[in-house]
Amino acid sequence: MDHQGSILERTITARNIGTTVSVSDFFKTLPVRKSEFLKNYRKDFNRMVQLLQEYCLILTGVKIICTNQSRSGSRGTVLNTNGNSVLENITSIFGPKQSQELVKIKCATSDGTEDGCYTQESLADLDDTNSILDIKQKEIDNLNKGRFRLEGFISNIEHTSGRTSKDRQYFYVNSRPVEIKSIIKIVNEVYHRYNAKSSPFVYLNLKMDQSNVDINLSKDKRQVAICDDKILMFLVKRSLLNTYGELPSKFKFTSINNSVKAFDEDEEVDDEDKI
């Protein structure tokens, strides 16, 4: 095919079942862009791999292999998935140690199953930060009607699976990679209740009726607007709290012994100073 998309030549080639796309002379008519690309190719390559990882994790029933051929002619495998399940895809991309240190996120339904119904009690915080009174029954009904569900995995706080950065956090809406700042924030806040020193690995796929999602907020379709996003935050937060269960929160305390003033028993002290 030429640059206008017209087919120039067709040939028959023996090959295995599947689809292969080969692009050559990509910058032949764009020398300026080629020079800019060569200056930043490492950065662009890493961004491309990050994007591929998002799709490699979510796609099951499809095997994906990505290879890179260097200038010397050697070919190396960048990504390789078998597509049987999301957890197996995580193992294929990041190794068995990563998948072993993950826990499945539990649903916030009344019976804890994906087919259950949401209630005010099942969505209220375990620590009463948000009470039942903050959740209206109308919002609960919209959740159940919109078939809001979630599936995912997150780092287990009992292991050292946390990372120093948020480079392994993947969020989806109906299996499409997205960026929802409010959901990203609340996931990390809940995790930091138990582990304040690192960031978790996160795979979270939010499922709902497509009519509840607006994807036309940005050119790349990664920014989305969701109906009843407030109650969705309750759902995600309570699901994570259910996942970690009764594990105690871990906070770092700073000693203040050096700032405590010692008083003599016979010394007269004002009530304010005692406080």
**Q** Does any pair with a residue in residues 29-53 pass ring pair (Phe, Tyr, Trp, His ring centres under 6.0 Å), and if so which ones, sequence neighbours excluded?
**A**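 For residues 29-53, and leaving out neighbouring residues, the ring pair (Phe, Tyr, Trp, His ring centres under 6.0 Å) pairs sorted by first residue read Phe27-Phe37.
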**Q** Is there a donor-acceptor pair under 3.5 Å between the side chain of Asn205 and the backbone N or O of Glu151?
**A**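 No; judged by distance alone, with no hydrogens or angles, the pair does not exist.
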**Q** Please, which pairs that meet ring pair (Phe, Tyr, Trp, His ring centres under 6.0 Å) have at least one residue in residues 56-77, sequence neighbours excluded?
**A**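 For residues 56-77, and leaving out neighbouring residues, there are no ring pair (Phe, Tyr, Trp, His ring centres under 6.0 Å) pairs at all.
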**Q** Mind running side-chain contact (heavy atoms from CB on, under 4.5 Å) on Asn68 and Arg75 for me, showing each step along the way?
**A** CA-CA 6 Å; Asn68 178 49; Arg75 185 183 298 271; over 6 Å; no
**Q** Which atom pair, heavy atoms only, marks the closest approach of Ser155 to Val103?
**A**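 So the minimum-distance heavy-atom pair works out to O-CG2, 4.3 Å.
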**Q** Is the side chain of His192 donor-acceptor paired with the backbone N or O of Val187 at a distance under 3.5 Å, no angle test?
**A**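 No.
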**Q** Kindly indicate, with the supporting measurements, whether the criterion side chain to side chain donor-acceptor pair (under 3.5 Å) is fulfilled by Asn174 and Lys207.
**A** CA-CA 5 Å; Asn174 293 336; Lys207 300 178 179 180; over 6 Å; no
**Q** Between atom CZ of Arg238 and atom CG of Leu235, what is the distance when rounded to the nearest 0.5 Å?
**A**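 If I round to the nearest 0.5 Å, the distance is 10.5 Å.
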**Q** Any heavy-atom pair between the side chains of Tyr244 and Ile157 that's under 4.5 Å?
**A**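 When only atoms from C-beta onward are counted, Tyr244 and Ile157 do touch, with a gap below 4.5 Å.
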**Q** Say you draw a straight line from CZ of Arg149 to OG of Ser239; how long is it, rounded to the nearest 0.5 Å?
**A**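 One finds 10.0 Å between CZ of Arg149 and OG of Ser239.
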**Q** If I compare all heavy atoms of Val224 with all of Leu217, which pair ends up nearest, and what's the gap?
**A**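 Taking Val224 first and Leu217 second, the nearest heavy atoms are C-CD1, 3.4 Å.
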**Q** If you compare all heavy atoms of Ser99 against all heavy atoms of Thr91, which two are closest, and at what distance to 0.1 Å?
**A**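 That closest heavy-atom pairing would be OG-OG1, 2.9 Å.
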**Q** Output, in order, the C-alpha distance, side-chain angles, deciding distance and verdict of side chain to side chain donor-acceptor pair (under 3.5 Å) for Ser211 and Asp209.
**A** CA-CA 5 Å; Ser211 59; Asp209 284 344; 4.9 Å; no
**Q** If you count every heavy atom of other residues, nucleotides or ligands that lies below 6.0 Å from Leu8 atom CG, does the total exceed 12?
**A**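 Yes, CG of Leu8 has more than 12 neighbouring heavy atoms, counting only those of other groups under 6.0 Å.
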**Q** Looking only at heavy atoms, which two atoms of Ile184 and Asn188 are closest? And how far apart?
**A**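 Reported closest heavy-atom pair: O-ND2, 2.7 Å.
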**Q** Sequence neighbours left out, what passes side-chain contact (heavy atoms from CB on, under 4.5 Å) with Asn80? Give chain and number order.
**A**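 Expected list: Lys63, Ile65, Thr77.
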**Q** For the pair Thr81 (side chain) and Ile64 (backbone), establish whether a donor and an acceptor sit closer than 3.5 Å, ignoring hydrogens and angles.
**A**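 Yes; at least one donor-acceptor contact below 3.5 Å.
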**Q** Keeping to residues at least two apart or across chains, list the ring pair (Phe, Tyr, Trp, His ring centres under 6.0 Å) pairs with something in residues 83-109.
**A**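 Non-adjacent pairs meeting ring pair (Phe, Tyr, Trp, His ring centres under 6.0 Å): Phe94-Phe201.
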**Q** Identify whether the distance between the nearest side-chain nitrogen and carboxylate oxygen of Glu54 and Arg222 falls below 4.0 Å.
**A**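 Here Glu54 pairs with Arg222 in a salt bridge, since their nearest N and O are under 4.0 Å apart.
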**Q** What are the two closest non-hydrogen atoms of Ser199 and Ser165, and how far apart are they?
**A**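 Between these two residues, the closest heavy atoms are CB-O, 3.6 Å.
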**Q** Tell me whether Arg176 contacts the main-chain N or O of Lys221 through its side chain, where contact means a donor paired with an acceptor under 3.5 Å.
**A**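 Judged by distance alone, yes, a pair lies under 3.5 Å.
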**Q** Apply side-chain contact (heavy atoms from CB on, under 4.5 Å) to residues Tyr170 and Ile58 and explain how you reach the verdict.
**A** CA-CA 9 Å; Tyr170 305 92; Ile58 194 69; over 6 Å; no
**Q** Assess whether side-chain contact (heavy atoms from CB on, under 4.5 Å) is satisfied between Arg193 and Leu241, documenting all intermediate values.
**A** CA-CA 10 Å; Arg193 291 188 183 188; Leu241 293 174; 3.6 Å; yes
**Q** Does any N or O in the side chain of Asp229 come within less than 3.5 Å of the main-chain N or O of Ala225, such that one atom is a donor and the other an acceptor?
**A**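 No, because the side chain of Asp229 does not come within donor-acceptor range (under 3.5 Å) of the backbone of Ala225.
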**Q** Under a 4.0 Å threshold between the charged nitrogen and the carboxylate oxygen, would Glu36 count as salt-bridged to Arg33?
**A**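 No.
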**Q** Sequence neighbours left out, what passes ring pair (Phe, Tyr, Trp, His ring centres under 6.0 Å) with Phe153? Give chain and number order.
**A**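 Phe153 satisfies ring pair (Phe, Tyr, Trp, His ring centres under 6.0 Å) with no other residue.
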**Q** Check the pair Ile186, Phe234 against side-chain contact (heavy atoms from CB on, under 4.5 Å), reporting the backbone distance first and the verdict last.
**A** CA-CA 9 Å; Ile186 203 165; Phe234 284 134; over 6 Å; no
**Q** To the nearest 0.5 Å, tell me how far Met48 CE sits from Cys66 SG.
**A**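 If I round to the nearest 0.5 Å, the distance is 4.5 Å.
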**Q** Can you tell me how far the CG atom of Leu87 sits from the CG atom of Leu102, to the nearest 0.5 Å?
**A**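 Taking CG in Leu87 and CG in Leu102, the distance rounds to 7.0 Å.
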**Q** How many angstroms lie between atom OG1 of Thr60 and atom CG of Leu57, to the nearest 0.5 angstrom?
**A**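 Going from OG1 on Thr60 over to CG on Leu57, the span is 11.5 Å.
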**Q** Any side-chain heavy atom of Gln169 within less than 4.5 Å of one from Pro200?
**A**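 Sidechains of Pro200 and Gln169: in contact.
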**Q** Does a sphere of radius 6.0 Å around CZ in Arg15 hold more than 12 heavy atoms from other residues, nucleotides or ligands, not counting ones at 6.0 Å or beyond?
**A**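 Buried by this count: over 12 neighbours within 6.0 Å.
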**Q** Heavy atoms, side chains only, cut-off 4.5 Å: are Leu206 and Val178 in contact?
**A**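 Side-chain contact under 4.5 Å: no.
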**Q** Tell me whether Ser92 contacts the main-chain N or O of Glu88 through its side chain, where contact means a donor paired with an acceptor under 3.5 Å.
**A**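 Here the side-chain-to-backbone pair exists.
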**Q** Between atom NZ of Lys237 and atom CE of Met233, what is the distance when rounded to the nearest 0.5 Å?
**A**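 Answer for the NZ-CE pair, Lys237 versus Met233, is 8.0 Å.
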**Q** I'd like to know if the side chain of Asn89 reaches the main chain of Cys56, judged simply by a donor and an acceptor atom lying under 3.5 Å from each other, with no hydrogens or angles considered.
**A**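 Side chain of Asn89 to backbone of Cys56: a pair is present.
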**Q** With a 3.5 Å cut-off and no angle check, do the side chains of Asn156 and Glu101 form a donor-acceptor pair?
**A**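 No donor-acceptor contact under 3.5 Å links the two side chains.
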**Q** Quick one, Phe171 with Tyr203, criterion ring-ring contact (aromatic ring centres under 6.0 Å, His included). Give me CA distance, side-chain angles, the key distance, then yes/no.
**A** CA-CA 6 Å; Phe171 297 87; Tyr203 164 86; 9.4 Å; no
**Q** Go through the structure and list residues passing side-chain contact (heavy atoms from CB on, under 4.5 Å) with Ser74, not counting sequence neighbours.
**A**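 For Ser74 the side-chain contact (heavy atoms from CB on, under 4.5 Å) partners, ignoring immediate neighbours, are Ser70, Ser72.
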**Q** Using every non-hydrogen atom in the two residues, find where Gln50 and Asp167 come nearest and quote the distance to one decimal.
**A**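 For Gln50 versus Asp167, the nearest heavy atoms are NE2-O, 3.4 Å.
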**Q** Is it the case that Arg168 and Gln53 place a side-chain donor and acceptor less than 3.5 Å from each other?
**A**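 Judged by distance alone, the side chains do not pair up.
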**Q** Do you see a donor-acceptor pair shorter than 3.5 Å between the side chains of Asn46 and Arg42?
**A**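 Asn46 vs Arg42: no donor-acceptor pair found between side chains.
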